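Worksheet: the structure to be examined is printed underneath.
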Amino acid sequence: MAKKREDITNIVNQHLCHSCGSCFASCGHDSISYLNTVGGYLFPKIDYNTCTNCGLCYDVCPGDHFTDYLKKQTPDDPFVGTILESYTGVATNETIYRNSQSGGVVTGLLKYLLESGEISAAIVTNMNMQNNSYSEAKFVTTVEELVSAQKSKYIPTNITSLLQNIDKIDGTIAMVGLSCHMHGLENLLTVKKKLKNKIIKIGLICDRVMTSSSVDFLSKKITNKSITNFVFRDTVNSPYPGDISLTEMNGNVKKLDKKSRMMMKDYFTPARCLLCFDKMNVYADIVVGDPHGINDMDRINGESLVIVRNLKAKEILEQSQRSRDITIKPTSTEIAIKGQSIEAKRKKWNANYTAWKEMGHDLPSYPDGVELSSIIADRSEVDKAKKSLKHALSLDDYTDRDALLKNANDYYFNEKRKEYALFPVTIWIRIIKKIIRIIKR
């Protein structure tokens with residue numbers, strides 16, 4: 001009897017799954033489907049009636065491990081990655097820019113790549129309120145489709161699942177994804193070798209996502225009616241960085257202050273996000289995000305930070321600027337990285353990783369350089385990390401989504417009370433800072 005090969009079931013049970021979709025793409029027997037849990041996790045499930053026990057789903061899972069191929073691609077500093085040049089910029093198309101979350105450079109780049117014939121399609125993420133997980137990955141081939149897919153979706157999406165049938169698409173494609181999607185893609189290259197050199201990787205800077213139950217919670221803070229769209233950061237109806245907005249069935253757009261999203265990030269953060277070191281999407285070709293800490297950015301309408309990681313990416317950026325789809329200006333890489341709080345990320349990752357280990361859970365296997373590049377966390381930080389991880393795991397312990405949302409509501413009002421209590425202190429801090437600025441002049 002052949003020895004049973006390991007699959008993704010234990011990885012899911014350990015909450016190590018990224019929801020990236022690579023296991024789905026590796027399966028040649030349609031034995032994997034995705035389920036949205038009570039807590040809002042998007043987890044794969046194996047149908048053992050059709051599963052052939054090939055083990056490919058386990059082989060490509062970046063939630064559990066990096067393949068040797070991926071480890072060889074790991075830069076010397078895995079928290080920052082290789083950077084040739086850094087820029088800030090915007091899309092020149094007015095519709096794309098005004099509809100963007102922060103500058104529209106990703107959409108501007110994709111517009112150039114599609115219209116020039118450099119790619120035949122792009123993989124992006126759309127919100128879909130009819131989908132239980134509220135988001136979906138899709139192939140797009142037109143500028144109109146690109147515009148409809150603008151803005152970040154801060155919820156799990158199995159983007160690399162679309163690579164299952166990549167052989168049916170002629171030419172090169174672009175994939176826009178988070179770090180975990182790039183990890184999954186690189187692992188997938190070990191079993192789908194035809195993907196090599198066929199995908200332009202446009203990565204998004206990612207601190208973390210929130211489980212899809214966050215959409216239910218934040219929506220109910222605005223309306224009890226059915227909705228057709230949900231936007232985490234709407235810069236069309238509010239200034240950059242944008243409030244939450246949703247669209248009711250009758251077309252009414254309603255908003256919720258961005259503070260509510262920030263207040264609930266910790267509550268709805270998936271456990272696996274806390275164990276991820278790769279905020280800066282170090283395996284992508286081009287990386288785009290908010291230009292935190294850069295002084296001369298447009299703080300009214302927003303701009304994009306653009307990081308170029310290789311010569312191919314540099315050429316794409318230069319060509320899209322020549323075609324006038326984007327406009328960019330150089331910026332300091334040192335300042336850009338500092339604005340992303342990478343030093344704090346090193347310490348926080350170490351605290352979470354140490355806490356997970358002490359809790360007795362299976363550890364993801366990363367290149368040695370990850371732990372060596374981290375900053376050792378002290379005991380208080382590790383204890384705090386344990387509380388966060390235990391909470392993230394508890395999201396699936398509720399009997400149903402309503403029970404979870406009730407607890408989330410209690411957390412929300414408790415955070416509100418803290419905010420009100422600190423309000424006078426915050427005002428005084430602002431006054432003191434203003435006085436200091438005046439004195440310095």
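Position 1 is the first residue of the sequence, and the numbers go up from there. Every value quoted in this text rests on a predicted model; they were computed, and no experiment measured them.
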Hey, does [Y] have a side-chain heavy atom less than 4.5 Å from the side chain of [X]?
X      : Y      : value
Asp296 : Ile294 : yes
Met129 : Met127 : yes
Phe139 : Ile173 : yes
Leu404 : Leu395 : yes
Thr333 : Tyr87  : no
Glu381 : Asn350 : no
Val236 : Arg98  : no
Val231 : Leu246 : no

Check whether [X] reaches the backbone of [Y] with its side chain - one donor and one acceptor, N or O, closer than 3.5 Å.
X      : Y      : answer
Ser135 : Pro156 : yes
Ser213 : Gly39  : yes
His391 : Ser388 : no
Arg401 : Thr37  : yes
Asn53  : Arg5   : yes
Thr160 : Gly184 : no
Thr157 : Lys153 : no
Arg233 : Gly242 : no
His65  : Asp59  : yes
Asp243 : Lys258 : yes

Count the heavy atoms belonging to other residues, nucleotides or ligands that lie under 6.0 Å from [atom1] of [X], then report whether that count exceeds 12.
X      : atom1 : value
Lys387 : NZ    : no
Lys196 : NZ    : yes
Asp368 : CG    : no
Asp170 : CG    : no
Lys386 : NZ    : yes
Lys198 : NZ    : yes

To the nearest 0.5 angstrom, please state how far the [atom1] atom of [X] sits from the [atom2] atom of [Y].
X      : Y      : atom1 : atom2 : value
His292 : Lys338 : NE2   : NZ    : 15.0 Å
Leu110 : Glu118 : CG    : CD    : 12.5 Å
Ile200 : Leu113 : CD1   : CG    : 5.0 Å
Ile205 : Leu305 : CD1   : CG    : 5.0 Å
Ile32  : Asp47  : CD1   : CG    : 10.5 Å
Ser102 : Gln150 : OG    : CD    : 10.0 Å

* Go through the steps for Phe79 and Met280 under the test side-chain contact (heavy atoms from CB on, under 4.5 Å), then give the verdict. => CA-CA 7 Å; Phe79 285 86; Met280 297 303 295; over 6 Å; no
Measure across [X] and [Y] and return the closest heavy-atom pair with its distance rounded to 0.1 Å.
X      : Y      : result
Ser22  : Val60  : O-CG2, 3.5 Å
Val124 : Ala149 : CG2-CB, 3.6 Å
Ser212 : Asn132 : OG-O, 4.4 Å
Met297 : Pro291 : SD-CG, 3.4 Å
Val105 : Val90  : CG2-N, 3.7 Å
Asn126 : Ser148 : OD1-O, 3.7 Å

* Asked: Would Phe217 and Asn409 satisfy side-chain contact (heavy atoms from CB on, under 4.5 Å), going step by step from the backbone distance to the final call?
  -> CA-CA 8 Å; Phe217 177 82; Asn409 207 45; 3.8 Å; yes
If we count only N and O atoms by modelled type, under 3.5 Å, do the side chains of [X] and [Y] hold a donor and an acceptor together?
X      : Y      : answer
Thr67  : Asn187 : yes
Tyr112 : Gln319 : yes
Lys151 : Asn99  : yes
Lys201 : Asn281 : no
Asn407 : Tyr398 : yes
Asn128 : Glu136 : yes
Ser214 : Tyr267 : no
Asp290 : Tyr240 : yes

Salt-bridge contact [X]-[Y] (side-chain N to carboxylate O under 4.0 Å):
X      : Y      : answer
Glu343 : Arg346 : yes
Arg379 : Glu358 : yes
Lys390 : Asp397 : no
Lys418 : Glu415 : yes
Asp285 : Arg309 : no

* Can you list the steps and then say if Thr142 with Leu114 is a side-chain contact (heavy atoms from CB on, under 4.5 Å)? -> CA-CA 7 Å; Thr142 68; Leu114 280 173; over 6 Å; no
* Asked: Testing Phe268, Tyr154, Tyr134 for ring pair (Phe, Tyr, Trp, His ring centres under 6.0 Å) with Phe232, which one passes?
  ->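 Among Phe268, Tyr154, Tyr134, the one that satisfies the ring pair (Phe, Tyr, Trp, His ring centres under 6.0 Å) with Phe232 is Tyr154.
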* Phe66 vs Tyr366, ring-ring contact (aromatic ring centres under 6.0 Å, His included): CA-CA, chis, key distance, verdict -> CA-CA 6 Å; Phe66 282 13; Tyr366 287 136; 5.3 Å; yes
* **Step-by-step side-chain contact (heavy atoms from CB on, under 4.5 Å) determination, Ile46 to Ile8** => CA-CA 8 Å; Ile46 297 175; Ile8 55 169; 3.7 Å; yes
* Check the pair Asp216 / Lys221 against salt bridge (Lys or Arg N to Asp or Glu O under 4.0 Å), numbers first and verdict last. => CA-CA 9 Å; Asp216 288 325; Lys221 286 293 169 195; over 6 Å; no
* Among Val12, Leu16, Ile11, which one satisfies side chain to side chain contact (heavy atoms under 4.5 Å, CB included) with Gln14? ->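 That would be Leu16.
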